[in-house]
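Residue numbering restarts at 1 for every chain, and letters A, B, ... go by the order of the sequence lines.
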Protein chains: 2
Amino acid sequence: MANTSNFLAKNKSVILYGVFLAALLFLLKWLELRFIIINHAFEIYAGSIAVIFTALGIWLALKLTRPKTILIEKDVFTGKPEAFILNEKELTKLNISKRELEVLQLMSVGLSNQEIALKLFVSLNTIKTHNARLFGKLEVKRRTQAIETAKRLCIIP
Amino acid sequence: MANTSNFLAKNKSVILYGVFLAALLFLLKWLELRFIIINHAFEIYAGSIAVIFTALGIWLALKLTRPKTILIEKDVFTGKPEAFILNEKELTKLNISKRELEVLQLMSVGLSNQEIALKLFVSLNTIKTHNARLFGKLEVKRRTQAIETAKRLCIIP
DNA sequence: TTAACCCTCATACTTTAGGGTGATTTTTCA
DNA sequence: TGAAAAATCACCCTAAAGTATGAGGGTTAA
C-alpha cells in the first residue's frame, strides 16, 4: 500500500502529463472534426501541435529535472586563523593570575625564560617563580606540557 | 563583428532548434502529401508530431538549463576538532625525515627527551641528535619554538 | 658499488629549565 | 585598615635541554 502511494507521488508529473496529453488529443480530434473542411488549416493544426508539445516537453523536462542543482560544498574557514575565545572560566577555576598568563603566552611562542624576563622588565628569577606556580596550577612538570594543556583548555591561542 | 559571432555562439542551441524545426515541418509536409490519401493516417501523423516535439522540447530544456547550477554553501563543522591536513610540501621542502617528525610530534605533546627515548626504544642521545637536526631544519633554537613553528606550518596537529 | 641519506649511539661540555625556600613590596578587597 | 593575594627577587641545587663532534650500520638510488 505504501509502495503504491509512494509510486503515485513520485510519478505524479508523468501521470499528469499522460492525462494532459490524452485530453489534448481529444481536443485536437474535436478540432479536426470541426475544421477539416477548411482548406490549408492542416498546417496551422500541425504547427499548433508542434508548439504545444514543445512547450509540454520543456515543462516536463523542467519538472523532472527540478533538483538539477549541482551541489558544490564550500568549506568556509578551513585555515588556521581560527578565532580564539579565551576560556575565562577555566582561567578563574585554575586561579591563574594576569602576570602568569602573560608569561604563559610568551612561553608558548617559544621564548626562553631569559627572553621573557627581558620582555617584561623583570628578573629571570621572577619568571622562574611564575613558571613554578603556573606548572603547579596546571598540574604539569614541563613548559611544553604547560603549553599543550593551556592550548587544550583554550587559555592561550 | 565580435558581437555577432558571440551572439551566434551563445544562441547556437536556439538557432539549431529553429533550423531543425523548419526541416521537420518540411518533412512532415512531404509526408502529408504522400500519405494524405490513407484514411485515419491523420491520428498517426498528429501523434508523431506530438511525440517528436515533446522530445524536442525536453532536449531543448535540458540544453538550455544545463549550466544552471545552484551553488550551495555548506560549512562543515566550525568547532575545535579541526581536521588536520599534513603539509607534506613543507615537510619535503624542509627535508624532515619520518623519525624526526615522530620525535617532533611527541615533543609537541609535552614529553621530555627521556620519555620520547623510552617510547621509541632508543637512547636519550639519539633523541638529542634528532632534536639538533630538527632545530637546524626548522631554524629554531628551542623545542618550544620548534613546536610553534611546526604547528604554524601544519607539520604537526 | 659508491655516494648520499637516515638512524643510531657515545662522550664531553654549556646552557636552560625547574624545585625549594625565604623574603620584600605592591595590590586588592572585605 | 588589615589580611590575602599577587608580583617581585635572591640563592642554591638538580635535572633537563641543547651543542659539538665523531662514528658505525642500514637503505637506496645513480
Side-chain angles (χ1 to χ4, degrees), chain A residues 86-153 155-156, chain B residues 86-153 155-156:
Chain A
L86 199 146
N87 189 345
E88 293 185 62
K89 291 179 184 175
E90 203 69 37
L91 213 57
T92 51
K93 193 206 290 180
L94 294 174
N95 200 27
I96 292 174
S97 71
K98 283 183 199 170
R99 202 59 158 173
E100 284 162 358
L101 180 62
E102 210 169 352
V103 172
L104 184 57
Q105 284 168 334
L106 294 174
M107 194 184 283
S108 76
V109 296
L111 298 191
S112 68
N113 289 338
Q114 184 61 68
E115 287 168 341
I116 296 171
L118 287 172
K119 184 156 264 183
L120 298 182
F121 298 106
V122 292
S123 83
L124 173 60
N125 289 307
T126 304
I127 300 301
K128 285 189 177 185
T129 308
H130 284 315
N131 285 357
R133 284 174 207 258
L134 217 33
F135 297 162
K137 289 173 182 176
L138 289 171
E139 295 177 316
V140 296
K141 293 199 168 295
R142 281 174 289 282
R143 54 171 50 215
T144 48
Q145 276 185 351
I147 294 165
E148 215 281 326
T149 302
K151 288 203 174 190
R152 193 164 36 76
L153 298 177
I155 290 171
I156 52 171
Chain B
L86 199 148
N87 190 345
E88 294 183 61
K89 289 180 185 174
E90 203 69 39
L91 212 58
T92 51
K93 194 206 286 180
L94 294 174
N95 201 26
I96 292 175
S97 71
K98 284 182 199 169
R99 202 57 159 175
E100 284 162 358
L101 180 62
E102 211 168 350
V103 172
L104 184 57
Q105 284 168 335
L106 294 174
M107 194 184 282
S108 75
V109 296
L111 298 190
S112 68
N113 288 338
Q114 185 61 67
E115 287 168 340
I116 296 170
L118 287 172
K119 185 156 260 181
L120 298 182
F121 297 106
V122 292
S123 84
L124 174 60
N125 289 306
T126 304
I127 300 302
K128 285 189 177 186
T129 308
H130 284 316
N131 286 356
R133 291 188 193 201
L134 219 31
F135 297 162
K137 289 173 182 177
L138 289 172
E139 294 176 317
V140 296
K141 291 198 170 294
R142 279 174 289 282
R143 54 171 48 218
T144 47
Q145 275 185 353
I147 293 165
E148 214 282 325
T149 302
K151 287 204 174 190
R152 193 164 37 77
L153 297 177
I155 289 172
I156 53 171

Specify the separation, in whole Å, of atom [atom1] of [X] and atom [atom2] of [N].
X: Asn95(B); N: dC6(C); atom1: CG; atom2: C1'; answer: 10 Å
X: Lys137(B); N: dC7(C); atom1: NZ; atom2: C1'; answer: 11 Å
X: His130(B); N: dC5(C); atom1: NE2; atom2: C1'; answer: 13 Å
X: Ile127(A); N: dG18(C); atom1: CD1; atom2: P; answer: 12 Å

>> Can you confirm whether Ile147(A) sits close enough to Ile147(B) that some side-chain heavy atom of one is under 4.5 Å from a side-chain heavy atom of the other?
In response: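 No - every pair of side-chain heavy atoms lies 4.5 Å or more apart.
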>> Is the shortest side-chain heavy-atom distance between Thr149(A) and Glu139(A) below 4.5 Å?
In response: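 Counting from C-beta outward, Thr149(A) and Glu139(A) never come under 4.5 Å.
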> Between CZ of Arg142(B) and OG of Ser112(A), what distance do you get to the nearest 0.5 Å?
Replying inline: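 Arg142(B) CZ to Ser112(A) OG: 4.0 Å, rounded to 0.5 Å.
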Contacts of [X] that satisfy side chain to side chain donor-acceptor pair (under 3.5 Å) - sequence neighbours left out:
X: Asn113(A); value: Asn131(A), Arg143(A)
X: Gln114(B); value: none
X: Gln105(B); value: none

Listed partners of [X] passing side chain to side chain contact (heavy atoms under 4.5 Å, CB included), at least two apart:
X: Ala150(B); result: Leu104(B), Ile155(B), Ile156(B)
X: Lys137(A); result: Ile96(A), Glu100(A)
X: Lys141(B); result: Gln145(B)
X: Thr126(B); result: Val122(B), Ser123(B), His130(B)

> Reading DNA chain D 5' to 3', which nucleotide is the first, and which the last, to come under 4.0 Å of any heavy atom in chain B?
Replying inline: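 Reading along DNA chain D, I get dA17(D) to dT19(D).
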>> The criterion is salt bridge (Lys or Arg N to Asp or Glu O under 4.0 Å); which residues satisfy it with Lys93(B), sequence neighbours excluded?
In response: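 Once residues adjacent in sequence are excluded, the partners of Lys93(B) under the salt bridge (Lys or Arg N to Asp or Glu O under 4.0 Å) criterion are Glu90(B).
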> Is there a residue in residues 97-110 of chain A whose heavy atoms reach under 4.0 Å of DNA chain D, and which residues are they?
Replying inline: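 The stretch gives Ser97(A), Lys98(A), Arg99(A) as the residues lying under 4.0 Å from the strand, ordered by number.
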> Can you check salt bridge (charged side-chain N to carboxylate O under 4.0 Å, His left out) on Glu148(A) and Arg152(A), steps first, answer last?
Replying inline: CA-CA 6 Å; Glu148(A) 215 281 326; Arg152(A) 193 164 36 76; 3.8 Å; yes
> How close do Lys119(B) and Leu106(B) get, heavy atom to heavy atom, and via which atoms?
Replying inline: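 Of all heavy-atom pairs spanning Lys119(B) and Leu106(B), the closest is CD-CD2, 3.8 Å.
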Hey, what are the protein-to-nucleotides 9-17 of chain C N/O distances that come in under 3.5 Å?
unit_1  : atom_1 : unit_2    : atom_2 : d
dC9(C)  : OP2    : Ser123(B) : N      : 2.7
dC9(C)  : OP2    : Thr126(B) : OG1    : 2.9
dC9(C)  : N4     : Thr129(B) : OG1    : 3.2
dA17(C) : OP1    : Asn113(A) : N      : 3.3
dA17(C) : OP2    : Asn113(A) : N      : 3.1

> Bend angle of the helix from dT1(C)-dA30(D) to dA30(C)-dT1(D) from five-pair axes at both ends, rounded to 10°?
Replying inline: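 For the helix from dT1(C)-dA30(D) to dA30(C)-dT1(D), the axes at either end differ by 60°.
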